[in-house]
Amino acid sequence: KQWYQRRVRGTNLRELVLTTCDKAVRLLHIDGELQYGSARQSCVSALKNSRPTQHPLLGATVALTPCQRPISSISLLEEVEFLRDRAALMMPLPQNDSCNFPGCGINKRAEFPVLLPEEEVTKCVNLSDCVTIVVKTARRPHYVFRLAESVRQYLDKDIPIIVIDDGPDTYPPEIMDHIAQFPNMKYVISETADVGIAEGRNRGVRMVKTKYFLSFDDDQMVDEKSGIPSMVELMDTTDLSLVGARGTTRWAGHVEFFYNDEGHPVLRQVYGSCNVKSEVLPFREGCHRCDLTQNLFLARTRDVLDVGGWSKELKISEHPDIFLRLKASGKKVAFCYGFKFIHDHSITIDGLTAGLNDTIFDQAAYKKLRYDRGKQMKKRFLNHWNILKFEKLNVENVENLEDD
């Protein structure tokens, strides 16, 4: 079977459907487009409400339309790369397990974190020698400057900071001059306008030279109460792969796969389920074994790279993905109430206060990119993990969990 074209009723578009090879049209992948005919006669584009769109929903119809960048831009993914990217997800099932769904293997809980033997401990002396801050932003350099200033004030002015920003345009001279005021900050403006949070974080982590990295959103900051040196000490002395900090919500929790009453695979996250007596780390007050924490964490660079990082097709809604990869690979994660960062959407620029919905510096474009695609990315997340639903419950609504 191959593709052939058929005119969409009531439009000038030609839908693509499967047919026998002798009736098929030939499509050429040229300069990032699937083209039909000579001289860019037509290109394959996704449709939304029967119109070509740059932001298609999962499962959208594709059709031959007039070639138009970026609407007709297409990236092809090699099957070998796709399978390699998913390798960490396909864990073997425990013996005598009746579940035949690959994700069920993730339900096996990693062993409790333990203290390393004294002879295996190498403690960090200077934070700048063992920690790098990684930030993904979407054309919001003023937020990055605020974060960098807080690092300079409360941590160590020499801590490396890697920023991955969307492109492709550079910034006005005054912004570039401000970037230059942070010699420890490598600010990368990407070649495309929509790198996505997952791939942006991946690029940043691949550039890290230190054994740990701190993952930040651009609208977060540190202060004297953040406890980063203590986070580093905890990682230095244990076999943890990641330690999460406390944010503004009770996000941290355990996750599990199960089949619902209709026989469909479901992933469940239980908010607050790490804060139970059975999960307390005996050697660290206020710390608990956990599966998923806030997007505020310190991680071993090597361990995150070993599980493949974030699933790069997730432009947003990437948060749970890295924790599921770590859990599937048997990596150990903890959550500590004593580590806390500032998360503030508002910012003051030239005496004016901007919030998440303001347009003081192209916030409208950021809002559109983030929220208009939320539904699409959530569907893509479900597809990537082969589940029907991502269910989220508060710990109060789940039985058999003992609160502290």
Side-chain angles (χ1 to χ4, degrees), residues 87-94 103-124 130-131 134 201 205 208 210-215 227-247 251-257 267-311 319-339 385 395 401 404:
L89 317 183
M90 301 294 109
M91 299 296 292
L93 296 175
C104 294
I106 207 173
N107 286 341
K108 186 176 181 180
R109 190 75 56 83
E111 296 294 330
F112 242 84
V114 297
L115 291 171
L116 295 174
E118 187 174 344
E119 61 272 15
E120 296 181 15
V121 173
T122 303
K123 290 192 175 182
C124 175
C130 49
V131 177
V134 176
R201 295 197 197 281
V205 174
V208 171
T210 54
K211 64 178 179 177
Y212 305 131
F213 73 91
L214 273 164
S215 178
I228 292 175
S230 296
M231 294 177 78
V232 173
E233 181 184 13
L234 181 61
M235 295 284 282
D236 278 343
T237 56
T238 67
D239 61 349
L240 283 166
S241 292
L242 182 150
V243 56
R246 178 184 178 187
W251 179 273
H254 291 298
V255 294
E256 64 174 349
F257 278 108
L267 173 67
R268 173 185 287 169
Q269 174 187 347
V270 183
Y271 293 125
S273 56
C274 299
N275 187 26
V276 293
K277 291 180 180 178
S278 60
E279 300 296 343
V280 174
L281 302 189
F283 49 81
R284 186 78 186 200
E285 183 179 359
C287 292
H288 306 250
R289 180 175 63 165
C290 208
D291 290 338
L292 193 152
T293 79
Q294 285 270 4
N295 234 346
L296 301 151
F297 59 80
L298 178 73
R300 294 187 193 274
T301 307
R302 186 69 263 161
D303 287 353
V304 170
L305 292 175
D306 284 347
V307 300
W310 290 258
S311 299
H319 181 179
D321 181 78
I322 186 63
F323 290 93
L324 293 178
R325 285 170 170 264
L326 289 169
K327 182 173 173 59
S329 300
K331 306 297 184 184
K332 299 182 181 181
V333 172
F335 162 74
C336 298
Y337 276 95
F339 307 144
W385 283 90
V395 68
L401 283 174
D404 280 339

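Nothing fancy with the numbering, it's 1 onward along the sequence.
- Counting only heavy atoms from C-beta outward, the side chains of Cys287 and Val243 never approach each other to under 4.5 Å.
- Contact check for Val333 versus Lys327: no side-chain heavy atoms found under the 4.5 Å cut-off.
- Taking the side chain to side chain contact (heavy atoms under 4.5 Å, CB included) definition, one finds that Lys331 meets it with Ser241, Asp303, Val307, Leu326, Ser329, sequence neighbours left out.
- The closest side-chain heavy-atom distance from Val255 to Pro320 is not below 4.5 Å.
- One N or O on the side chain of Thr301 and one on the backbone of Thr210 form a donor-acceptor pair closer than 3.5 Å.
- For the atom pair Lys332 NZ and Leu281 CG, the distance stands at 10.5 Å (nearest 0.5 Å).
- Expressed to the nearest 0.5 Å, how far SG of Cys130 lies from NZ of Lys123 amounts to 12.5 Å.
- Among residues two or more places apart in sequence or in another chain, the side chain to side chain contact (heavy atoms under 4.5 Å, CB included) test is passed with Ser215 by Arg201, Phe213, Phe297.
- Between the Arg300 side chain and the Leu240 main chain, a donor and an acceptor come within less than 3.5 Å of each other.
- Taken to the nearest 0.5 Å, the SG atom of Cys290 stands 8.5 Å off from the CZ atom of Phe323.
- Panel note: side chain Thr293, backbone Phe335; no donor-acceptor pair is recorded below 3.5 Å.
- The shortest distance between side-chain heavy atoms of Ile228 and Leu298 does not fall below 4.5 Å.
- Considering only residues two or more places apart in sequence or on other chains, Thr122 meets the side chain to side chain contact (heavy atoms under 4.5 Å, CB included) condition with none of them.
- Taking NE2 from His319 and CD from Gln294, the interatomic distance works out to 6.5 Å, rounded to the nearest 0.5 Å.
- One N or O on the side chain of Asp236 and one on the backbone of Cys124 form a donor-acceptor pair closer than 3.5 Å.
- Judged purely by atom type and a 3.5 angstrom limit, His288 has no side-chain atom pairing as donor or acceptor with the backbone of Ser278.
- Val304 and Ala299 make their closest contact through CG2-CB, 3.9 Å (heavy atoms, listed as atom of the first residue, atom of the second, distance).
- Checked against ring pair (Phe, Tyr, Trp, His ring centres under 6.0 Å), Tyr212 has no partners two or more places apart in sequence or in another chain.
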* To do: Apply ring-ring contact (aromatic ring centres under 6.0 Å, His included) to the pair Tyr337 and Phe339, showing each step before the final yes or no.
  => CA-CA 6 Å; Tyr337 276 95; Phe339 307 144; over 10 Å; no
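- A distance of 12.0 Å separates CZ of Arg246 from CG of Leu296, quoted to the nearest 0.5 Å.
- Thr238 pairs by the side chain to side chain donor-acceptor pair (under 3.5 Å) definition with nothing, not counting sequence neighbours.
- One finds the CG atom of Leu324 at 4.5 Å from the CH2 atom of Trp385 (value rounded to the nearest 0.5 Å).
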Per-pair distances, 0.1 Å, donor-acceptor, side chain in residues 109-118, under 3.5 Å, sequence neighbours excluded:
residue, atom, partner, partner atom, Å
Arg109, NH1, Glu279, OE2, 3.0

